[in-house]
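Note on naming: letters A, B, ... go to the chains in the order of the sequence lines (proteins, then strands), and numbering restarts at 1 for each one.
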Amino acid sequence: MPTSPSKRSRNLINLVSGSLPLQFHECLNSQKYAILHALRNMSDIQLENDIEDEDDMDRTNTSTSQNLDELLCGTVERGEGNSCLLLGPRGTGKTMMLERALSKISSGDSPPVIIRLSGWLQQNDRLAMREIARQLREQTGASFLSAEVEEETHDRDDEPNPFIDNPADDPETSVAEPSPTHLPALIAVLPTLSRASIVILEGFDLFALHARQALLYCLLDTAQSCRAGANSKGLAVVGLTTRVDTINLLEKRVKSRFSGRILRVAPQTINYWRRLTKAILCVFVGEDAFTDEEDLAQWRTTWETRVQQFLDDKSTLQTLSETFSITKDMRMLTAVLTSTVVTLSPEAPWPTSSQFLTSAEIHRVRPLYPYLHNLPYSAICLLIASVHAGTAGYSVVTFDMLHEYFRDQVRSSTAAPVQINGGSIGMTFETLVAAKIFVSVTAPSWNTAKEFTKYICVVEREDVKKAVDKGGMIPLKKWLNKAQ
Amino acid sequence: MASNPLLYHHHRLREVSFLLHASPSPFIFINDPISPRMTTQAVLGALSSTTSTTISMHLVHVNAVTCFSARLLFDAILNGLAQWTPSWEEGCTNWSGPNDTRRYNESLDAFLRGLKTLYSFLHHSDSNLPRVTRFVIVIERVERLKDRLPDLIVPLTRLAEMTRIDVTIIFVSSGRWDDMRPSLGASPDPYFVDISIPTKEACVAHLCSVFQSCQTEPNLSLNPYHPALEGIHASFASILCDACFPFTNDPDELAYAAAARWPGFVQPILDNHAMERGKDDSNLTERDDNEHLFTDDAMLVDDTHDFVTPPEEVRMRLNRYFKPSITAALEQLYPRFSNAQDWADANKPSPEALEIVFPVHRVDHLSKPRIGVTVKEKPAEPYRNLTRMSKFILISSFLASMNPAKSDLRMFGRGLDEKKRKRRRITKAPSAKIKSGPIKIPQHFLGPAVFPLDRMLAILGALLEENDNDDNFRPSKIDFSIPGEYTDMEVSRVGVCSTIIDLTSSRLLHRTSPVERLDGPPMFKCGVSYDVVLGLAKELDVPLQDLLWDSL
Amino acid sequence: MSPIPNFEDISQSVFLIPYSSLDDGPEEENETDLREARDVLENDLEHGDILRWEAYQSAWAKCLDKLQTIIQKLHEPVVEAIAEEIKNAYTETFPGLPYPELPTITISNPAGGTSFLNELTNQLDRSNDEADPSSFVTHLHPAECSNIMAGMKMLITGFIDRPPDKAKTQFKRKPATSLANYDINLLNAWFAAVRNDREQRNAKVPSLVAVLHDFEQFNPSVMQDIIDICSLHIPQLPLVFVMALSSAQSPSYLHVTYPRSTLAVLRIRQFHVPFGLHALEEMLRQTFFTTTFDPDVMLGPAALGFIVDYYSRYNSSLDSLLNMFQLVYLKHFMINPLSPLVKTTPAADILSAVASYSFVDTLFGRLCTTKTSDAWREKPLPTLIIAVDEAREVFNACIRKSRLGFELMIVVNTSLASLGYKSVEPDAHHSTALLRIAIDLVKGRATKHIEMLSSLIRKLKFSEVSSFLDTLRTYYRDAPAHIRDQEGKHKEHIDHFIAGLPQEGDDQYSEKMRQLAIDIGDWLLNYLDELVQPLEELPLWEVWSTGQTPFPMELMNPSIRASTVSGLLRSHEFSDSAKKPEETNLWDLPDTGILFQRYLDSGKMINVYDWFDSFQSVLETQRRETSGPRKGSPRKRGKKSVGGGNEGKWKLQVQARFIRALHELDYLGFVKHTGRKADHVIRTVFDVCDT
C-alpha cells in the first residue's frame, strides 16, 4: 500500500482507522514477536504493583514460595531431610515456582543433585529406579546400579511377538529393569552423596498408584531419617500435584513418613490477570535495525493507547472475567491472548474485543462441531436421517437404516434437489465416522458388513436443525420437520 | 504431487507458521475434518518455505499409522530431526548421538534422553550466531495413537516441559481433541487451530493450482495440460465443483475427478485446434490419447502460437455437453469402482462431441446429438462363478439370517395337507410414544444374524425339495420311498459341506464360532447383501419374498 | 502323505484319510472299491489286473497331458496381461492426480487351485533375466499376517533377504541400534541401495511385487494399515500388490469389505481367470469332441452327464474336474475285463493261457455272432485277434466321424446363433448349447438337433445364406489335413453351392435362393446323419466307451450321515463281505450297532436306564449264543473271557460296554444331553430309512 511522505507526520498516530502504513509493518511484527515471547515466559514479567491492589492470593503464593525456598536451603545448607507437597490447581504456576526456587538454590555455592521424576513417564518403580540411577550417573558420574541392569542394548528386535499387537508391551520397547529389591539400596545412596539431593516428583498422585508405594516409602523414609548435622547430606522430596486428596491416597506407613507439609499454590485473581494482560500486551519492543527511532516511538505510543482502549473496553473485560470464571488456568489466558495477537495483521493491526471474544470461544468451551452447516449435502442428509431414526425410537443406527430413510425421502418427495446413489452417501458416511460424528458402539468386527455396524450420532437434533437452517435448503428443512 | 497448498485455507496456516517462528505454545492441535492430509502438507509447506534468521527450526513429520509401535515412533522422530537417513551399507543404524552409540528407542526415558542429546548437539553445531534452536514435531493422524499407543499421548503432549527444551508438537487429526484427551487432565490443553471446511472458491483455486503444478512446457505441442488452456480449465473447475459439491468437498476427491474428466473435456478443443491447423486425420487420431502425448518431447513443434482461447458460446456448449458426465464420473470414481485413468480411457468423448461443440465441423450426414458420455457398465452376472448348490446355500443362509428361528416351521413346514405358508402381516414400525426405552430394531436394519449350521441345512433341504426336484440326473425314485428323502440325503453330502467351507473361505459366508470349538453346531452368518440374494433367487426362480418373514 | 491331516485348517475343503488295514471305521467305501480293483474279475485275462493297470496308465497319461495343456492355454492370456500390467505399473503416468496411487491387481480365480499363481510367478521369473530381475516378488499368506507388526515384517524381510546389488554383500545389522525389521524405512534403505546399483549400471529399476494369497483370509484391519503405510512410500518404493481372490463378485471383495479411505489410495485393476462352464466346455470339446485329438476311451453318456452336472452343481474347480475324468478312466479299466484291448490285442500265447479261457470265450461270444466263417473253426485265436483289431479300427473311424459331425454342428450352431437364431433351447442346469449337443450325441440322440439345424437352414434369409456358406467353407479350409482329403466331396458340395448362388439381378432370384437354402439344409441333414452313428451298435463298443456305467459318485461326494448310519446298521457288509445281510441277527452286531438299533426303536427322548436294559438283554442272548458249542467266527472284543465267568464281572463288563458304546454314539453326535429331564438324552437323528 502506498505511503506518501506527507503522511509521515506526527499526527499519523490517530490516522490508523484502516490499515497500517508500510513503515510500521516491521513494528507490528516485532511487537507480535515480543508479546508472544512474553507469553511463553511469563515468570519473568514484572508487574507494576499499583497500590490499591491488595489481593491475598498473591500473598499466599509469595509465602508459599518463601517456605519452599527455606525448605530447600535447609536441605542444601543444613543437610536436613525434608519432604513437602506443592498442591494447587492446574496452571497456577507450581512448576514455575519450583523452578524459580531451584534456580536460586543451584546458583548458590553448593548446587544440589536434582532428580526429576514424572508420574507420567515412570509408570512403575522399576522405570523410576532406572531413571534415578541414570540421572545420578549423569550428575555425579558414578554408576549406582549393577551393570547388567543398566546394560540396555539387547537384541530383542528380531522377534516381535506375533501374538501381541499392542506395542505398549511389545518386547523390544520394554527393557530389562532392575528388580525392586535394589530399590532401598539405591535410595539409601542419596544421603551419602557428596552433595545434597532434591527429588522432584511431578504428578505425585500417580506415584501413589505404584505397587505398594515402594518408591514413595523409600524416599520419604530416607528423607525423614536423615539426621541433620550428621555427615550425611540432606535430601528433599518435593511432590507436585493437583489432587487435593493426594494425602489420603498414601498408605499409612507412607503417610507416617511424610512430613505432612503441604504448600498450597493458589490461582491468581482476575485483577492479576488484567494487570498481566496489560503488562504482556504493552511489552517493550526492542530496538530494531529495520525501523528508525521516530517510527518506533510513534508506534509505541499508538500501540499503548490502542491496547489501553482495548483493555478498557467493557466487552473485553466481560470476556476476560467469563474466561476467568470458567477456568483460572493461566495457560488458558496464554492461549487466548496468543490467538488474539497472532491474528493481528497490517490490515487489522490493533487488538479488538471481538477478536478477543472469538479466540476465547475457540479455546474456552469448544463448540462441538462448528463446521456442521458447511458439510456437503449428503452428509446433512445422513444427519437428518439419523434424527428420524431417533424419533422412531431406535437407540442405535446402522448405515443401512439411514440409507433407507434417505431413499424413502427421495421416493416420497420429488423435491430432493440431488439424487445420490447409496455408494457416495456411504462414502460420505465414512468421513462423518472419521470425524467422530457417528461413533461406533460395537467393536469393529470382521464379520459384520460395513453397512451394518451400529453407531450412535453424537450430534443433537438441535445442532442438526441449526445446521440445516444455516444451510438453508428448503426440502431438507421440510424433511427434518417431518421428524416430530 | 502436493500442489502449492497455501492457496487453500492459507490464513490459518499463516498464523501457525508465524507462531512457530515466534515463540509457539508447546502443544498445538490442528483439526481438519475433511482432508487432514492436505492440511499436513500445507503446514509442512508453510514451515519449510519460510526461513528465519534468528531461529534454526528442525522439522519432522511422522504419521501415526506408519509408526504403529513406540519404537518406530521414536526412531522416526529422532532420525527425522537429525535429518539422518539410515543407509543399507552401514547396516541401517539409527541416529545415535554425536559420539556415543547409545540406544534411544528402547523406552520413553531413553527417547527423551535422545531428544535432549540431539538438541544440544544441533544447538552447538549451528552456533554461528546466537540462534534459537527449535524442534517442531508434526504428527499426522494422531487419532490412531489413541488405540495404538495410548500411554504415549500424555508424554508427547508434555514433551516440552519434560525435556525442558524448545520443542513444539503439532497434532493433525480429522477427529477432535476431546475424543482422544487423556483422563484426569493429564495432558495440558493444546493451542487449537480449526481448519474450516473448504469453500467452493477455495476448491476451484486448489484445482487450478493442481493444473499449474502439472503444466507442461509452453513450447510443447498443445496438450491437455498446456498453459494456454488455463482459462478453459478454470471454467471447467468451477462447473466441476458445482456438480460435485453436494457429494463431497474434499479437495483431493475433486482433484481426482477433475484428473479423470479433464482430458476428455478438452479433447474437442484440441481436435478443433488440430483441424484448424490442417492436421490430417492420422494426427487427429494420434491425439486421441493426448494425455500421454506431452510426456514425450518427440514433437516439439510449436503449434500453440496461433491457439486462441475459444469464445464463450463454445465453452457453454462444452459445459452443456459434458456436465452430465461429471456426476457420472463421481459416481464411479468416488467409491473407486474404477480408477481415474481407466475411467478417462473408457470415456473418451465420441467424435460427434467435436461436431456438437464446434458445429463448423459438422459433417453433412445428419448426426443427431446424443447426450453426454455414457459411463461404461461393469460386466453383469457377478456371481456367475458360483455353483448351483452354493447359490442355494447362499439363499438359505440369507433366509436363516433374516428370519427368526421360530418362524421356520411356518415358512417351510410341509404337512400332508399343502397348507399355504403364512407370512407375518407387515406391521408398521412402532412409534416411540407407546413403549419407553429403545425399540427393537428390525432385523434387516441390523443385517444378517447368526444361525447354527443345522438350521441352515434344514432350510436348504426345504428349498431343494421345492425348487430343485426337476433334476433329470436324479437316480430313479425307487430307492427313495419317503418324500424328501432324496434331498435329505443331498444336504448331508460332502459336496454340501465342502461348498459351505469354500463359501466361508471366500467370505460369502461368515463363520462366527471359533473353528476349534467342537461342542454344538458351528455358527454362521450370511455374508452377501439382499440384492445379491435377490438376484440369485431370480436365477433359480425361488420366490424369495414369500420366504422372508419380514418383507424387505 | 502325512499321517494325520490338519483338520482345523479351514482352507482345506476335503481331507484324505488313507486306508491302513489297522483302522476300520464307517467310511470304508473307497477303500473297498480299491481292494476289489486288486482282485481278479470273472472271465478276466491271465494277469488281467496288471494288463488293465498298464492300459489305464497309458490311456490316462495321454488324456491328462492333453487336459493340462488345455488348462495352460486357458490361463496364458490372463497371465501375460497381468505380467504386462506389473511391468509398466509405474512407467505410465497419469497427470493431475492428488497423490500417487498404489498399483493393485486383483485376480479372481474361482476355479481354485494354485496352478494359476504358479504360472504367474513363473512368468514373472521368466521375464526376468537372471542378472537384473525386472521385479522382485514376495509372497504373503494370511497366517503370517495376524497383526500389523508380523505383516510388515513378512513383507519387508521377504524383499530384503536378497542382496540389493551384484556384489552379493549382505550387511550385518545390529538389531538394537538400527531400524526395526518391521520398519518400512528399512525397505527404503534397502531399495535405495538397489536403485543406486541399478543406476550405476544404468539398468532398469525393478518393481517390488507382493503376492497376497487367499486375500479374503487376511484380517482387513491389519491389511488396511499395511496398505496405508505402503501407499505413503510410493513411488520411491515401486510396490505392486497382487491379490488372489477366490470369488468373483462385483463390486469386488475389496470394495465390499474395505473402507473408502483404503480404496482411495489404490489403483485397482481387476483380472478374471477363465472358469465355470466355459472352462468345462473348452476342456470337453478339445479333449473328447475334437477331430484333432483321439482319447483312448470315450466318455459315455452316464459319465459325461454326471460330470457336467457335478461340475455345475457342486464343485466348479478344475482340480475336481480332473479327478472326475481320472475316476471315470480308473473305473472303466477296473470293472471292464475287456478293457486291456483298448490299444493292443494281447498275443496268442496270453490268450491261449488257461487262466484266460473265460475271457477268450466271452470274446468269441461277442464276435462270432456277427459272422461264422471257416477261419473261426480252423485257427480261432488269430482270427479272433484280427477281428478285435478290426473292431478297434471300425470304432475309431466311426467315433472320428461323429466327432467331425459334432464339430460341424457346433460350427453351424454358432453361425446361426451369431445370425440370431436360437437353435438349442437352454435349460436350467447346464445352459450351454455345446454341452447339450455333446450329451445328446453320446446318448445317440443327436438327430433331433440335426433336424432342427437343417430346418433352420432351410428357412435362412437370403442375405444370410452366403455368409453361412462362407463359414462352412472356412471351417473346411482350416480343418486338419486328414479331414480335408477325407471329406473332400462335401467340400466340393459347398463350393458347388457357392457357385450356385444366384445373382441379385436374376429374375427368379428368390425361387433359386429358397431352393438353394433347402438344398443346403437337406445336404446337411444327410451328411450329419451319415456322420453321427450311435456307437452302441458297434462290436465290442464298450471297450472304448464307458457307455452307461454310472459314475462312482460315492467317491466324489459321499453322504456322510447316510454312510455313518449304514455303517452302524450293516457293519458286517463292511467288515466281512462273506456274510449275507439277512442272516445277521441283532446280537451279531458290534455293541455300538446294537445300541443304535435300540436307539432307533425309542422315542424322541431316551431314558438311559431303559436303554441300558434293552442293551443288556441283547448281550444276554449274545452270550448264550456264543458260549454254546456253535461254529462260526468267534465274536470279537474278547467275549470268550466272560464265558461262564461269574455274574459280577459280567455285569461290570456289560456296563462298561454299554458306556463305551454310548460314548461312541455320543462322539458321532447321535445323542444330545439336555439337563431338562434327569437321565434322559435326546435323539438327534430320526426317520432313518433302514431297508
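Rounding to the nearest 0.5 angstrom, the gap separating the CG atom in L97(C) from the CD atom in Q341(B) is 8.0 Å. One distance of note links CE of M389(B) with CG of N315(C); it measures 12.0 Å at 0.5 Å rounding. Here the OG-CG distance, from S87(B) to N196(C), works out to 10.0 Å after rounding to the nearest 0.5 Å. Distance check: S506(B) OG to N109(C) CG gives 12.0 Å after rounding to the nearest 0.5 Å. Within the model, atoms SG of C67(B) and CD1 of I229(C) stand 8.5 Å from one another, a figure rounded to the nearest 0.5 Å. Note that OG of S498(B) is 7.0 Å distant from CG of N557(C), once rounded to the nearest 0.5 Å.
By the side chain to side chain contact (heavy atoms under 4.5 Å, CB included) test, S513(B) is found to be paired with R511(B), R517(B), P522(B), M523(B), residues two or more places apart in sequence or in another chain being considered. For R141(B), the salt bridge (Lys or Arg N to Asp or Glu O under 4.0 Å) partners two or more places apart in sequence, or in a different chain, are D228(C).
In this structure, the side chain of N339(B) does not engage the main chain of R267(C) through any donor-acceptor pair within 3.5 Å. The main-chain N or O of R313(C) is found under 3.5 Å from a side-chain atom of T387(B) such that the two form a donor-acceptor pair.
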Pair D225(C)-R144(B), side-chain contact (heavy atoms from CB on, under 4.5 Å): steps then yes or no: CA-CA 10 Å; D225(C) 289 348; R144(B) 296 303 304 275; 3.0 Å; yes
N79(B) vs L179(C), side-chain contact (heavy atoms from CB on, under 4.5 Å): CA-CA, chis, key distance, verdict: CA-CA 10 Å; N79(B) 290 336; L179(C) 291 175; 4.0 Å; yes
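Minimum heavy-atom separation, P335(B) to H255(C): O-CD2, 3.6 Å. Listed here is the closest heavy atom pair of V210(B) and G96(C): CG1-O, 3.8 Å. Annotation for S492(B) and S559(C): closest pair OG-OG, 2.7 Å, computed over non-hydrogen atoms. The nearest pair of heavy atoms linking F94(C) to A340(B) is CE2-CB, 3.9 Å. Considering all non-hydrogen atoms of both residues, R493(B) and Y314(C) come closest at CD-OH, 4.1 Å. Across all their heavy atoms, A180(C) and L72(B) have their closest contact at CB-CD2, 4.2 Å.
At a 4.5 Å heavy-atom cutoff, Q224(C) makes no contact with chain B through either its backbone or its side chain. Only the backbone of A260(B) has a heavy atom closer than 4.5 Å to any heavy atom of chain C. For a residue to count as touching a neighbouring chain, one of its non-hydrogen atoms must lie under 4.5 Å from one of that chain's; by this rule N94(B) touches chain C with backbone and side chain alike. For a residue to count as touching a neighbouring chain, one of its non-hydrogen atoms must lie under 4.5 Å from one of that chain's; by this rule Y311(C) touches chain B with the backbone only. Proximity to chain C (any heavy atom under 4.5 Å) is shown, for V491(B), by neither the backbone nor the side chain. In this structure, the portions of A264(C) lying under 4.5 Å from any heavy atom of chain B include both its backbone and its side chain. Using a 4.5 Å cut-off between heavy atoms, D454(B) does not touch chain C at all.
Taking 4.5 Å as the limit, every side-chain heavy atom of E216(C) sits out of range of all side-chain heavy atoms of S505(B). Two residues are said to be in side-chain contact when any heavy atoms from C-beta on lie closer than 4.5 Å; Y256(B) and E101(C) meet this criterion. Side-chain contact check for I148(C) versus R148(B): some heavy-atom pair is nearer than 4.5 Å. Side-chain contact check for W88(B) versus V194(C): every heavy-atom pair is 4.5 Å or farther apart. Considering only heavy atoms from C-beta on, H233(C) comes within 4.5 Å of T66(B) through its side chain. Side chains of I560(C) and C497(B) form a contact here, defined as non-hydrogen atoms less than 4.5 Å apart.
Contact tally against chain B (heavy-atom pairs below 4.5 Å) for A189(C), S320(C), P550(C): the top residue is A189(C). In terms of non-hydrogen atom pairs under 4.5 Å with chain C, the most contact-rich of L333(B), D75(B), N63(B), T499(B) is N63(B).
Ring geometry, Y182(C) versus F68(B): the interplanar angle falls from 30° to 60°, so the pair is classed tilted.
Among the candidates I268(C), L254(C), L263(C), the single residue satisfying the side chain to side chain contact (heavy atoms under 4.5 Å, CB included) test with R336(B) is L263(C).
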